[in-house]
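Notes follow the structure.
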Amino acid sequence: MQDGSASDVAMNARRSLELLSGHRSSTLLWIPSAMNELAAKAIDRRPIATRNRKWAQSATAWLASRNASPNAISIAGMCACIAAGLALGLTSVEYNRIFWLVAALGAQLRLTANMLDGMVALASGRDSKVGELYNEGSDRVSDAAVFIGAGYAWGGNVALGYIATILAIFTAYVRAAGKIAGGPNEFCGPMAKQHRMLVITVACLYSVVVPRSWQIFHFVDFDVGVMSLALALIIAGCVITVLRRFRRIARALR
């Protein structure tokens, strides 16, 4: 979401909520005088263009009209990633393409939940510091579940899985440390959360459609699996991301 569209998203969700509920917003959880404040808070969130999509706003309105808990949405996204990690690990125990599909779906559900929890919180006026804690905590568990699972997956590498986990958490740590120090909430990539999940999703979908023999690449002196390549890409991208975030935050604090 671009900075200037935060209020538009909230207003569109408000109109959709009125249509779904059959009531004016004043009888619901809306606080019109706080709309500008909520929009200002949204500016400091991760920019996600999908927030402006009609389906995302309709889903937000539907969840808000049913008093869905933003924290429960965060937890649901974490559970999707835990399921994805287990499915990845199972690919090396009993090879079945459905496991790759479950892993890809879990990674994308995590991103969807991460988007909707904040939108629902803003739309229903329930955003809070506790919500940030749920969001950040569930994100770290989600990264660990997926990357450790990827390390144990068919064609994966256990060491790379743990290294990817550590670096993914460190990218979030740099962002959080910068914010605590008074800097901006820096979400730059090239391997931010959505990019990491995209790499895993693409690797899983590739493994769904190609023969098992195509999931291992044979070189002169060694063999490497698709999932190992995905983890290596994530590791390299996380290193660059950490350096970029550190530099941008340091420049802002000067």
Side-chain angles (χ1 to χ4, degrees), residues 46 48-51 53-56 58-60 62-63 68 72-117 119 135 138-165 167-169 189-218 223-238:
R46 186 183 305 274
I48 303 176
T50 311
R51 289 195 184 104
R53 300 288 176 83
K54 186 175 180 179
W55 71 264
S58 296
T60 298
W62 187 86
L63 290 167
I73 297 174
S74 298
I75 296 299
M78 181 186 73
C79 291
C81 262
I82 292 174
L86 290 173
L88 285 168
L90 286 173
T91 60
S92 62
V93 177
E94 180 181 348
Y95 191 85
N96 192 319
R97 294 180 190 276
I98 194 65
F99 293 143
W100 296 113
L101 194 58
V102 169
L105 181 61
Q108 291 306 304
L109 285 176
R110 179 254 181 116
L111 294 180
T112 302
N114 283 171
M115 176 186 68
L116 289 176
D117 59 2
M119 292 178 69
N135 185 64
S138 63
D139 271 348
R140 305 294 75 77
V141 174
S142 295
D143 278 333
V146 169
F147 299 138
I148 292 174
Y152 285 98
W154 169 258
N157 180 284
V158 175
L160 292 180
Y162 282 103
I163 294 171
T165 299
L167 287 174
I169 293 174
M191 202 54 71
K193 173 173 59 182
Q194 66 272 26
H195 308 130
R196 299 192 295 267
M197 292 300 101
L198 175 62
V199 172
I200 291 295
T201 300
V202 170
C204 289
L205 292 179
Y206 173 84
S207 299
V208 169
V209 300
V210 304
R212 189 177 187 183
S213 60
W214 289 16
Q215 296 170 25
I216 302 293
F217 298 103
H218 303 281
D223 297 338
V224 60
V226 170
M227 197 53 65
S228 291
L229 287 176
L231 289 170
L233 178 60
I234 289 169
I235 289 169
C238 281

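Note: hydrogens, waters and symmetry copies are ignored here, and every other heavy atom, side chains too, is used.
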Residues in side-chain contact (heavy atoms from CB on, under 4.5 Å) with [X], at least two apart?
| X | result |
| --- | --- |
| Ala144 | Ile148, Thr165 |
| Ala230 | Val199, Ala203, Met227 |
| Ile163 | Leu167, Ile235 |
| Leu198 | Val202 |

field: Pairing residues for Tyr95 by the side-chain hydrogen bond (donor to acceptor under 3.5 Å, both in side chains) criterion, not counting sequence neighbours
entry: Trp100, Gln215
task: Would you please name every residue forming a side-chain hydrogen bond (donor to acceptor under 3.5 Å, both in side chains) with Ser74, sequence neighbours left out?
output: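 Testing Ser74 for side-chain hydrogen bond (donor to acceptor under 3.5 Å, both in side chains), a comparison that skips the adjacent residues, returns Asp117.
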Just so I know, are the side chains of [X] and [Y] near enough to count as touching, which here means a heavy-atom distance under 4.5 Å?
| X | Y | value |
| --- | --- | --- |
| Met191 | Leu233 | yes |
| Cys204 | Val102 | no |
| Ile200 | Phe147 | yes |

What's the separation between atom [atom1] in [X] and atom [atom2] in [Y], rounded to the nearest 0.5 Å?
| X | Y | atom1 | atom2 | value |
| --- | --- | --- | --- | --- |
| Asp143 | Lys193 | CG | NZ | 8.0 Å |
| Ser207 | Trp154 | OG | CH2 | 10.5 Å |
| Asn114 | Asp139 | CG | CG | 4.5 Å |

Over all atoms of both residues, closest heavy-atom pair of [X] and [Y]:
| X | Y | answer |
| --- | --- | --- |
| His195 | Pro190 | ND1-O, 3.3 Å |
| Cys81 | Val146 | SG-CG2, 3.5 Å |
| Gln108 | Met197 | NE2-O, 4.0 Å |

message: Looking at Ser228 and Gly155, would you say the former's side chain and the latter's main chain have a donor-acceptor pair under 3.5 Å?
response: yes
